[in-house]
Amino acid sequence: MKPTQQKQFDKASFQDSVKKHLSATYATTIETASERQWYLAMGRALAELTTFDLLATEADERIKKAKSVNYLSLEFLIGRLTGNNLISMGLYEQITEAMAELGHNLTDLLEEERDPSLGNGGLGRLAACFMDSCAAQEYPTVGYGLHYEYGLFKQSFKDGRQQEAPDAWSGVEGYPWEVARPELAQEIGFYGHVEVVSENGKEVRKWVPGMTVKAMPWDLPIVGYESNTVYPLRLWECKAIAPFSLASFNNGDYFEAQHALIDAGNITKVLYPNDNHEKGKTLRLMQQYFHSAASVRDILRRHEAAGYTLASLPKQETIQLNDTHPTIAIPELMRILMDEKGMSWDDAWAISSKTFAYTNHTLLPEALETWPESLIQRLLPRHMEIIFEINHRFLQEVRAMWPGDGEKQAKLSIIQEGFHRMVRMANLCVIGSYAVNGVAALHSQLVKKDLFPEFDAMYPTRLHNVTNGITPRRWLKFCNPGLSALITEKIGNEWPAKLEQLEGIAQFADDAEFQKEYMAVKKQNKQRLADWVSDNMGIELDTNAIFDVQIKRLHEYKRQHLDLLHVLALYHRLLKDPSFDMVPRVVFFAAKAAPGYHLAKEIIFAINKIAEKVNNDPRIGGKLKVVFIPDYRVSMAEIIIPAADVSQQISMAGKEASGTGNMKMALNGALTIGTMDGANVEIREEVGDDNIYIFGLDVDGVKRVKAAGYNPYDYYNADPLLKSSLDLLLGDEFTPGKPGLLRATYDSLLDGGDPYLCLADFASYVEAHEAMDAQYRDQAGWAKKAILNTALVGKFSSDRSIRDYVNNIWKLEAVSR
Ligand code: 26W
């Protein structure tokens with residue numbers, strides 16, 4: 001165990017550094033600097049401290065020699081760094097004081113930071129939590145990602161419809177926390193052809209790229225909680241190099257060179273905004289190769305610099321692939337080992353296949369990546385040859401296992417046959433990795449049974465489970481200071497690094513005094529959110545209402561439209577049933593829809609239109625409000641999550657791999673209403689059946705209903721409340737004078753076949769909500785359940801997830817500094 005470190009901090013020199021940056025970096029003065037410039041100068045001054053530790057960590061001989069994990073991800077949804085880094089550095093109070101003396105309020109300064117939105121949703125945020133937990137526990141780690149110029153689009157609403165705007169996250173001034181590492185730049189090729197040359201009497205294949213670009217790394221410091229360890233999140237930016245594409249010009253391949261010229265400047269321009277839906281764009285594959293190639297080369301550079309031989313690569317380095325997006329790293333490593341380092345296939349494969357591990361994050365068929373063989377052939381001709389060879393050797397194994405079974409070969413082959421032959425990236429990953437994992441117990445079971453049963457038979461020790469987690473530093477200590485203080489008062493201050501200690505507050509779950517304090521904190525957090533909504537949206541909220549929250553990407557499988565149906569049911573009852581009584585409720589949504597996902601955008605539109613009407617309908621006496629918070633992002637989650645009473649985790653069973661918002665809200669004392677899906681199953685195991693509201697079909701139930709030939713009309717016709725609620729979408733109730741504007745959602749649930757069984761789960765969902773409503777009337781009983789949620793979800797610390805990876809997959813040791 002590392003000793004708790006208290007940073008040496010010299011306030012006066014820190015203040016000098018801030019002032020120096022104001023003038024030297026931002027060309028302003030103490031008198032004239034804007035709030036934003038003060039934030040930037042403070043950020044630079046802090047980054048100087050972390051850069052010092054980053055370089056010291058990098059230079060540490062024991063760390064250089066130790067085995068490390070390389071986390072390859074196209075997305076790192078890190079959120080604002082300043083506040084979190086201050087907590088990790090243990091300097092929050094000191095900096096508050098130092099800045100106050102300079103006339104500035106730290107909380108206001110922190111609001112000046114733009115979120116680096118370098119990810120879409122769950123997968124990107126998980127990568128960020130994992131970096132935090134690796135650094136906190138001092139496991140040698142490098143995160144490798146892309147330095148997108150534009151992060152995930154900014155969302156606003158115009159007449160209820162989603163509008164997208166570019167997100168230039170680093171601003172014109174640049175991001176204060178990043179440091180350029182030009183000495184570590186790499187050159188990356190594309191296109192071209194393969195030549196056969198003879199070297200020492202051996203035939204060697206060499207790729208001659210038709211175009212080359214530069215990969216320039218930027219390091220962001222990931223500060224270990226209360227430690228001096230700082231590991232880099234290394235983000236590659238693509239730069240053009242001139243003369244641009246000499247080889248292609250010389251070969252007379254003028255057109256290809258021109259084409260390349262256009263693409264080069266674009267490679268890291270923008271994050272692709274698709275979540276769980278694969279689009280197959282050339283530029284996306286270029287991003288993937290650019291990221292993989294730069295990262296693999298950097299890993300080999302570090303490995304060789306530490307004095308190790310290539311043969312010892314798997315002993316010293318492990319490369320974790322965050323979904324299939326960096327799969328091309330596998331043939332890239334093979335290519336380098338064979339074509340550049342002169343190894344045989346067998347030697348190269350012995351290394352490569354023991355170096356990579358792959359995490360699967362989704363079972364949705366439309367999210368499983370396949371790339372046209374013809375595209376890979378053109379963009380990366382040598383890699384395509386290597387993929388064929390991997391496949392050829394693999395299919396021999398398949399034939400040995402299932403002789404004469406052509407169907408098995410077709411199913412397992414990396415190449416999907418057809419008019420356009422496609423490369424299945426997940427198959428390549430499973431074949432080329434020493435470990436494959438799902439992200440929650442149920443999901444991993446489905447990966448084994450439904451997605452990869454034959455791979456499991458061929459490689460019985462390869463498939464694992466590592467249940468996801470969240471960092472308690474950002475998702476409790478930083479975002480919920482009130483609850484953090486209350487917890488610390490009861491059980492001391494070690495819990496942010498040892499979340500299982502939260503169990504110690506379970507003994508106060510029945511303590512009336514503690515319940516009052518706990519609920520008072522919740523009330524303050526609800527007030528903070530209500531103030532935000534009032535200031536930014538002009539909607540006034542009552543904090544005595546139940547704050548009912550669904551925050552996640554908009555997707556049919558996540559069923560925001562089921563939540564909306566419940567809103568319609570409440571509205572209908574308030575209007576039509578004089579005996580109906582309910583605790584006032586505010587139903588919050590926050591979600592971005594992929595710009596090309598039509599139905600998701602229609603659902604957003606429907607929610608917004610319904611909100612407009614409901615929020616201003618005098619007939620319901622303010623009992624129901626609907627708030628769609630625009631531009632959902634990490635910093636918004638930090639305000640919403642501590643304020644939630646009810647956490648909606650209502651995906652159709654079998655579709656949500658894990659979920660992590662479910663963990664964040666339970667930790668902050670929201671009660672979950674959820675299906676038996678993803679990590680909900682394990683949350684229920686931890687908090688107990690009495691402290692969670694499970695409803696709807698489970699995985700087997702879904703299979704049964706689908707197999708029997710599901711017809712949503714059966715439910716529609718049989719349930720008057722469901723029918724009345726749905727029918728509200730047809731008229732002009734919410735779109736005065738324009739009936740039918742909300743038809744898309746209605747149609748998808750009826751004539752569209754309701755592929756995610758919203759109608760089948762509706763009655764059970766309404767019932768679970770009624771149980772919650774009844775429970776909320778007994779505040780002491782509710783408080784007890786909320787406290788037990790906080791107390792019993794210690795398992796979902798990402799520190800535990802990382803220890804699972806370390807012990808079961810990565811096999812490496814912590815090195816304390
Ligand atoms: C190629 C398009 C694309 C883009 C992103 C396909 C798939 C993705 C991600 C894998 C989607 C994603 O974020 N999955 C989420 O991963 C989280 C972390 O493991 C899980 O908690 C969520 O359940 C899962 O949906």
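Both ligands and their constituent atoms are indexed starting at 1 by order of listing. Every heavy atom of this structure was used, including side-chain atoms; hydrogens, water molecules and symmetry mates were not.
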> Should the pair Asp132-Arg474 be classified as a salt bridge under the 4.0 Å nitrogen-to-oxygen rule?
Replying inline: no
> Of all the heavy atoms in Lys279, does at least one lie under 4.0 Å from an atom in ligand 1?
Replying inline: no
> With only distance considered, is Glu656 within less than 3.5 Å of ligand 1 through an N or O on each side?
Replying inline: yes
>> Consider side-chain hydrogen bond (donor to acceptor under 3.5 Å, both in side chains). Of Tyr71, Tyr434, Trp810, which one does Thr318 pass it with?
In response: Tyr434
> Measuring from the heavy atoms of Asn120, does anything fall under 4.0 Å of ligand 1?
Replying inline: no
> Nearest protein heavy-atom contact for atom 10 (C) of ligand 1: which residue, which atom, what distance?
Replying inline: Asp323 OD2, 3.4 Å
> Is any N or O atom of Leu123, backbone or side chain, closer than 3.5 Å to an N or O atom of ligand 1?
Replying inline: yes
> In the protein, what heavy atom is nearest to atom 2 (C) of ligand 1, and what distance, to one decimal place, separates them?
Replying inline: His277 O, 3.3 Å
>> Show me which atoms of ligand 1 lie under 4.0 Å from any heavy atom of Ala657.
In response: 23 (O)
> Is ligand 1 less than 4.0 angstrom away from at least one heavy atom of Gly678?
Replying inline: no
>> For atom 11 (C) of ligand 1, tell me which residue out of Asn276, Leu77, Val439, Leu126 has the closest non-hydrogen atom.
In response: Asn276
>> Heavy atoms only: which of Glu369, His361, Gln649, Lys558 lies closest to atom 15 (C) of ligand 1?
In response: His361
>> For atom 4 (C) of ligand 1, what is the closest protein heavy atom, and at what distance to 0.1 Å?
In response: Asn274 O, 3.4 Å
>> Quick test of your reading of the model: are Asp275 and Lys592 salt-bridged, counting only N-O distances below 4.0 Å?
In response: no
> Should the pair Arg284-Glu278 be classified as a salt bridge under the 4.0 Å nitrogen-to-oxygen rule?
Replying inline: no
> What about Arg284: any of its N or O atoms under 3.5 Å from an N or O on ligand 1?
Replying inline: no
> Hey, does Glu75 come in under 3.5 Å of ligand 1, counting only N/O atoms on both sides?
Replying inline: no
>> Suppose we call two aromatic rings close when their centres sit under 6.0 Å apart. Are His555 and Tyr597 close by that rule?
In response: yes
> Backbone, side chain, both or neither: what part of Asn468 comes under 4.0 angstrom of ligand 1, heavy atoms only?
Replying inline: side chain
> Any ion pair linking Glu164 and Lys601 (charged N to carboxylate O, less than 4.0 Å)?
Replying inline: yes
> Does a side-chain N-to-carboxylate-O contact under 4.0 Å join Arg559 and Asp761?
Replying inline: yes
>> Is the distance between the ring centroids of His291 and Tyr144 under 6.0 Å?
In response: no
> Is the closest basic N to carboxylate O distance between Asp804 and Arg800 below 4.0 Å?
Replying inline: yes
>> If I apply the N/O under 3.5 Å rule, does Tyr557 come out as touching ligand 1?
In response: yes
> Which of the atoms in ligand 1, numbered in the order shown and given with their element, are less than 4.0 Å from a heavy-atom of Gly659?
Replying inline: 20 (C), 21 (O), 22 (C), 23 (O)
> Are Arg473 and Tyr225 in a cation-pi setup, meaning NZ or CZ lies under 6.0 angstrom from the ring centre and within 45 degrees of the ring axis?
Replying inline: yes
